[in-house]
There are 2 protein chains.
Amino acid sequence: MDRLWSALSETHRRRILDLLRDRPCSVTELVEALGLAQPAVSKHLRVLREAGLVRVRIEAQRRIYSVDPAGIRALDDWLTPYRRLWNERLDALGWHLDATDDDPGHRNAHHDHGRI
Amino acid sequence: MDRLWSALSETHRRRILDLLRDRPCSVTELVEALGLAQPAVSKHLRVLREAGLVRVRIEAQRRIYSVDPAGIRALDDWLTPYRRLWNERLDALGWHLDATDDDPGHRNAHHDHGRI
DNA sequence: CAGGAATATAACCACAGAGGCATATTGGGG
DNA sequence: CCCCAATATGCCTCTGTGGTTATATTCCTG
């Protein structure tokens, strides 16, 4: 878990994920997109790989990297218990009940946060 | 956004969030729970606050900290475009459709991941 | 109003990690 | 088989940051 977070804490690595979300890329492509030296990018990719956030497919001398859903999944799992929390608070405070809400039934739940 | 991730990259800070998710706590309570020195905890709390992850309520000399949904919300938003991705991959590969799935209707859904 | 409890801030130290350059490695093409 | 292209790894440096101790601040209590 620690690896996951520390991998994601870096701007360039999040940028890499953004790029890979679009389409799988070779290292060279990423180097060009990021404006970093190639070794730096390779290192970032290593970190991302060890965190379960990207995968490699070897294709001749090219390494084609793509997002590994496992890592994202882990992050989502971590987030789950908190999501409940912010749903409660949102309607408790009468905030923006926008359309991005996945779970429409929840906002009507009787929120008795009795322990506070 | 950078602040958010760097705040979350630290184990103790994530632990603090875990604790606060249960109930709001004073600094001293957190100090005891974490086994860290008080100044260290105060610094972590500062970082979490500036990242929009916790809030403070002043109560006499006590500072009562609690989770600020805003930060969690931001993280969730970041995750959104990726969630689509791993949904596609999961059923494309016929992976573990375990019981942790929040959305029971989904696993039976006819998964036409037409765009990949 | 003095004393102490609760918390924040400052100064300092130590270590992790991000970046750069040089080099090793691997695979393909002439 | 040799050379080049693509990528990884090693080594070094430097900045960022987490931890500690000491001190400032704030507010209740006797």
Side-chain angles (χ1 to χ4, degrees), chain A residues 1-20 22-68 71 75 78 116, chain B residues 1-20 22-68 71 75:
Chain A
M1 199 81 217
D2 233 26
R3 275 192 189 174
L4 180 66
W5 288 106
S6 103
L8 285 166
S9 70
E10 225 277 335
T11 314
H12 291 135
R13 287 195 286 260
R14 291 198 304 277
R15 179 103 183 86
I16 289 177
L17 286 179
D18 275 350
L19 292 166
L20 295 183
D22 234 21
R23 59 186 169 87
C25 289
S26 74
V27 177
T28 306
E29 285 177 293
L30 294 172
V31 167
E32 286 162 5
L34 293 176
L36 279 183
Q38 172 266 316
V41 175
S42 279
K43 281 200 235 173
H44 284 309
L45 287 168
R46 178 185 177 80
V47 174
L48 287 169
R49 185 159 30 90
E50 288 175 349
L53 283 162
V54 303
R55 309 193 142 189
V56 216
R57 170 172 42 108
I58 298 186
E59 193 168 282
Q61 322 90 317
R62 304 250 162 86
R63 256 78 163 179
I64 307 297
Y65 283 86
S66 55
V67 177
D68 184 344
L75 187 61
W78 181 89
I116 284 194
Chain B
M1 200 75 214
D2 232 26
R3 276 192 187 175
L4 181 65
W5 287 106
S6 101
L8 285 167
S9 72
E10 223 278 332
T11 314
H12 292 135
R13 287 196 283 262
R14 291 197 304 277
R15 178 104 182 85
I16 289 178
L17 285 179
D18 275 350
L19 292 165
L20 295 184
D22 233 24
R23 60 186 168 85
C25 289
S26 73
V27 177
T28 306
E29 286 178 291
L30 294 172
V31 167
E32 287 162 4
L34 294 177
L36 280 182
Q38 172 264 316
V41 176
S42 278
K43 280 204 242 171
H44 285 309
L45 287 169
R46 179 187 178 79
V47 174
L48 287 170
R49 185 160 29 89
E50 288 174 347
L53 284 163
V54 303
R55 309 193 141 187
V56 216
R57 170 171 43 108
I58 297 185
E59 193 169 283
Q61 322 91 318
R62 304 249 163 85
R63 256 79 160 179
I64 307 298
Y65 283 85
S66 54
V67 177
D68 185 345
L75 187 60

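If you're wondering where the values come from, they're calculated on a predicted model, not measured in any experiment. In the text below, chain A, chain B and the rest are named by the order of the sequence lines, each starting its count at 1.
For the pair A/Trp5 CH2 and C/dA16 P, the computed distance is 22 Å after rounding to whole Å. Atom CZ in B/Arg57 sits about 16 Å away from atom C1' in C/dT7, given to the nearest Å. For A/Arg62 and D/dC4, the CZ to C1' distance is 13 Å, given to the nearest whole Å. Regarding A/Leu48, its CG atom lies at a distance of 14 Å from the C1' atom of C/dG17, rounded to whole Å. The separation between A/Glu50 atom CD and C/dA16 atom P is 16 Å, rounded to whole Å. Rounded to whole Å, the distance from CZ on B/Arg14 to P on D/dG18 is 12 Å.
Judged as a salt bridge (charged side-chain N to carboxylate O under 4.0 Å, His left out), the pairs with a partner in residues 7-19 of chain A (not counting sequence neighbours) are, in order, A/Arg14-B/Asp2, A/Asp18-A/Arg21.
Counting heavy atoms from C-beta outward, A/Ile64 and A/Val56 have side chains that stay 4.5 Å or more apart.
Of the possible donor and acceptor atoms, none in the side chain of A/Ser42 sits under 3.5 Å from a partner among the backbone N and O of A/Pro39.
B/Ser26 comes within 4.0 angstrom of the backbone, heavy atoms only, and of no base.
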Practice problem: Between protein and nucleotides 19-30 of chain D, map the contacts as a letter string: B base, S sugar-phosphate only, - none, heavy atoms under 4.0 Å, written 5' to 3'. | Solution: BBBB----BS--
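Taking A/Trp78 as the reference, A/Trp5, A/Tyr82 meet the ring-ring contact (aromatic ring centres under 6.0 Å, His included) condition, with sequence neighbours excluded.
For the residue pair B/Thr28 and B/Glu32, no side-chain donor N or O sits within less than 3.5 Å of a side-chain acceptor on the partner.
Listed pair B/Tyr65 / C/dA6 fails the phosphate criterion, with no side-chain N or O lying under 4.0 Å from OP1 or OP2. Side-chain nitrogen and oxygen atoms of A/Arg46 include at least one within less than 4.0 Å of the OP1 or OP2 phosphate oxygen of D/dT9.
Between B/Glu29 and B/Arg62 there is no salt bridge, since no side-chain nitrogen of the basic residue lies less than 4.0 Å from a carboxylate oxygen of the acidic one.
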